Amino acid sequence: MDTGSRKDKTKPKETSVRGDRTKQKSAQQELKQRQRAEIYALNKVMTELEQQQFEAFCKQMQSQPE
């Protein structure tokens, strides 16, 4: 009968461990989504800056006499 009671005691721990793992996976997924959003935002800003610099360069090249 001792083995039966031992099994009952391990099940709540397993459930707790599974819940912790699920929470960790969820947290990791949220972190990845947040990082991805930040990367996309940074990429947009960098693309806009590059475009501005290119336009400024084109204007400078047009204004220089040959």
Side-chain angles (χ1 to χ4, degrees):
M1 291 199 127
D2 289 336
T3 58
S5 63
R6 287 182 189 167
K7 286 182 182 179
D8 291 341
K9 290 181 181 178
T10 58
K11 285 186 181 182
K13 288 181 182 178
E14 289 176 8
T15 305
S16 176
V17 170
R18 287 182 187 167
D20 291 343
R21 287 182 187 165
T22 304
K23 288 179 184 178
Q24 285 178 342
K25 285 183 181 180
S26 178
Q28 285 177 343
Q29 287 176 342
E30 289 177 13
L31 178 62
K32 284 182 181 181
Q33 288 176 347
R34 186 173 139 234
Q35 288 175 336
R36 187 177 198 126
E38 289 175 359
I39 289 170
Y40 283 143
L42 180 60
N43 189 31
K44 182 180 177 182
V45 170
M46 294 299 289
T47 301
E48 291 171 356
L49 178 61
E50 183 180 13
Q51 184 64 31
Q52 290 173 359
Q53 289 177 340
F54 178 72
E55 289 172 1
F57 172 77
C58 288
K59 287 179 183 178
Q60 181 184 10
M61 293 304 288
Q62 288 177 350
S63 65
Q64 287 182 352
E66 292 184 27

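Everything numeric here is computed off the predicted structure, so don't read it as measured data.
At least one donor-acceptor pair under 3.5 Å links the side chain of Thr47 to the backbone N or O of Asn43.
Interatomic distance, CD of Gln62 versus CZ of Phe57, reported as 10.5 Å (0.5 Å rounding). For the atom pair Gln35 CD and Gln28 CD, the distance stands at 10.5 Å (nearest 0.5 Å). Atoms CD and NZ, on Gln29 and Lys25 in that order, are 8.5 Å from each other to the nearest 0.5 Å.
Identified under the salt bridge (charged side-chain N to carboxylate O under 4.0 Å, His left out) test for residues 41-55, with sequence neighbours left out: none. Among residue pairs with one or both ends in residues 26-42, those qualifying as salt bridge (charged side-chain N to carboxylate O under 4.0 Å, His left out) are Arg34-Glu38; sequence neighbours excluded.
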